[in-house]
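What follows is a single structure, written as structure tokens, with notes after it.
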There are 2 protein chains.
Amino acid sequence: MQADSATAPEFSPRQNAVLSQALRLLVDGGEKALTTAGVARAANCSKESLYKWFGDRDGLLSAMIAFQASKVRTFERDGERLTVPGLQDHLEVFAKDLLDVLSGDVSLALNRLAVGQASRDGSKLGRLLMEHGRRQIDRRARALIDAGRRAGLLAFDDGEEAYRTLYGLIVSDLHVRMLLGDHPETDFSQRAERAVRAFLKLHGTAKTLAEAGLTAA
Amino acid sequence: MQADSATAPEFSPRQNAVLSQALRLLVDGGEKALTTAGVARAANCSKESLYKWFGDRDGLLSAMIAFQASKVRTFERDGERLTVPGLQDHLEVFAKDLLDVLSGDVSLALNRLAVGQASRDGSKLGRLLMEHGRRQIDRRARALIDAGRRAGLLAFDDGEEAYRTLYGLIVSDLHVRMLLGDHPETDFSQRAERAVRAFLKLHGTAKTLAEAGLTAA
DNA sequence: CTCGATAAGTACCGTACGGTACGGTTCGTG
DNA sequence: CACGAACCGTACCGTACGGTACTTATCGAG
């Protein structure tokens with residue numbers, strides 16, 4: 001499953017700078033503030049160039065998503081033999097990273113944008129966002145819990161389902177609340193810790209439960 | 001269950017009909033389709049009346065949320081002694097109801113609307129939606145798991161946190177995916193069942209685990 | 001029947017946005 | 001130097017929307 005195929009985004013430095021300014025506008029003022037004239041002004045370029053580079057407004061939005069996704073590279077940890085504390089730690093780091101990503105200004109702004117357009121464009125932006133924005137971090141988590149199972153530390157039938165469980169335990173309704181403009185707790189560490197503990201209690205093997213001290217919790 | 005407090009929306013029948021038409025427009029065509037002229041045309045009323053009744057466009061949007069919330073009354077089950085199968089069943093019914101509500105056309109459209117406005121109006125609509133739309137169903141679940149604890153079937157320290165866990169297990173990222181335009185699985189029953197099983201495994205007492213057959217799962 | 005209130009229907013206004021066209025400027029290349 | 005491509009800045013166009021004003025019609029009260 002070669003990822004790329006159609007999409008070879010790779011914009012020029014100048015275009016990247018423009019996209020960066022566009023993201024800034026979007027974060028600051030929401031979709032309403034993201035006008036072609038505004039982007040051109042903020043980026044010191046002409047509207048004509050915008051249309052030459054990105055086709056139309058939708059093309060600009062898509063490019064913004066691709067650009068942002070290209071910046072959020074996540075490292076893939078592997079190799080090293082997994083121990084129970086190691087797995088727990090890795091899961092907690094993942095959980096905190098996930099929460100940090102989801103609560104980021106740009107992420108929230110782009111998600112709001114895509115949600116707003118979902119009824120209109122046949123969810124083109126939404127698909128783009130789910131594809132580009134989540135694939136990386138999803139794969140990282142999937143690799144981690146698969147490794148946990150191979151090491152005999154986790155037990156589950158369906159890895160995808162186990163991951164969805166982990167995701168739900170970590171995020172719950174936090175993402176939607178933030179999208180709606182709420183600013184809930186900011187103690188992501190505690191939240192991550194609790195979520196991982198619950199996940200291990202659900203999918204940890206006897207060995208894991210014993211070593212993590214979850215047998216009598 | 002009097003909804004109490006500040007808000008006594010209570011629009012006239014005529015206004016309710018207008019709001020209903022407005023919701024229909026919103027569901028069908030998204031926010032872009034929800035123009036004052038369009039609502040007036042669809043509801044056979046004049047724009048002037050719209051402005052007299054609802055003040056301005058934002059007032060209309062708020063009224064739409066209040067109107068929809070007033071229609072989604074949820075019954076509160078109580079009394080009857082809780083057994084393990086009873087609790088499990090009630091939880092599954094709740095989970096399915098929650099999924100049905102979140103995946104409803106009108107709910108999704110209103111959530112998209114509020115998300116789209118979140119950057120603009122200081123999340124006024126978002127707060128309205130979280131307040132009106134969720135309070136009812138939240139209370140129902142809270143009452144249920146509190147009753148479960150009182151009956152010695154559930155164990156947890158913080159009821160709110162336990163509820164968030166349940167919510168995350170049920171919904172995971174489904175809500176956001178749907179808001180983004182994705183149409184994932186529709187087998188809510190299986191999803192509800194799995195979520196409840198996980199929740200009981202996390203927060204069930206020994207008695208519950210034994211009776212629900214979760215000790216060796 | 002008359003009066004006043006309510007509201008439908010329509011015409012109108014200002015504004016703002018997406019998209020296009022054009023003149024002027026920079027800069028790389030032969 | 002000369003030429004052309006890329007591009008900035010701006011002016012422009014058509015359209016669509018939010019909001020207001022005005023005319024007409026319905027209807028209940030006296």
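Hydrogens, waters and symmetry mates are skipped; everything else that's a heavy atom, side chains included, is used. For clarity, every value in this text was computed on a predicted model and none was experimentally measured.
The existence of a salt bridge linking B:Glu185 and B:Arg177 is excluded, since no basic side-chain nitrogen approaches an acidic carboxylate oxygen closer than 4.0 Å. The existence of a salt bridge linking B:Asp158 and B:Arg164 is excluded, since no basic side-chain nitrogen approaches an acidic carboxylate oxygen closer than 4.0 Å. Salt-bridge check for B:Arg24 with B:Asp28: passed, with a basic side-chain N closer than 4.0 Å to an acidic carboxylate O. With respect to the salt-bridge test (charged N to carboxylate O, under 4.0 angstrom), the residues A:Lys96 and A:Glu193 do not qualify.
For the contact set between residues 35-45 of chain B and DNA chain D, defined by any heavy atom under 4.0 Å, the members are B:Thr35, B:Thr36. Residues from residues 47-59 of chain B placing a heavy atom under 4.0 Å of any atom in DNA chain D, listed by number, are B:Lys47, B:Glu48, B:Tyr51, B:Asp56, B:Arg57.
For B:Phe94 and B:His90, the ring centers sit 6.0 Å or farther from each other.
B:Lys32 places its NZ atom 12 Å from the C1' atom of D:dT15, with the value rounded to the nearest Å.
In this model, the phosphate group of C:dT26 is not approached by any side-chain N or O of A:Arg14 to a distance below 4.0 Å at OP1 or OP2.
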Notebook entry, point to check: Would B:Arg127 and A:Asp182 satisfy salt bridge (charged side-chain N to carboxylate O under 4.0 Å, His left out), going step by step from the backbone distance to the final call?
Noted result: CA-CA 7 Å; B:Arg127 259 181 285 117; A:Asp182 198 13; over 6 Å; no
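A:Arg149 CZ: more than 12 foreign heavy atoms inside a 6.0 Å radius.
Ring geometry for A:His203 versus A:Phe199: interplanar angle of 30 to 60°, hence tilted.
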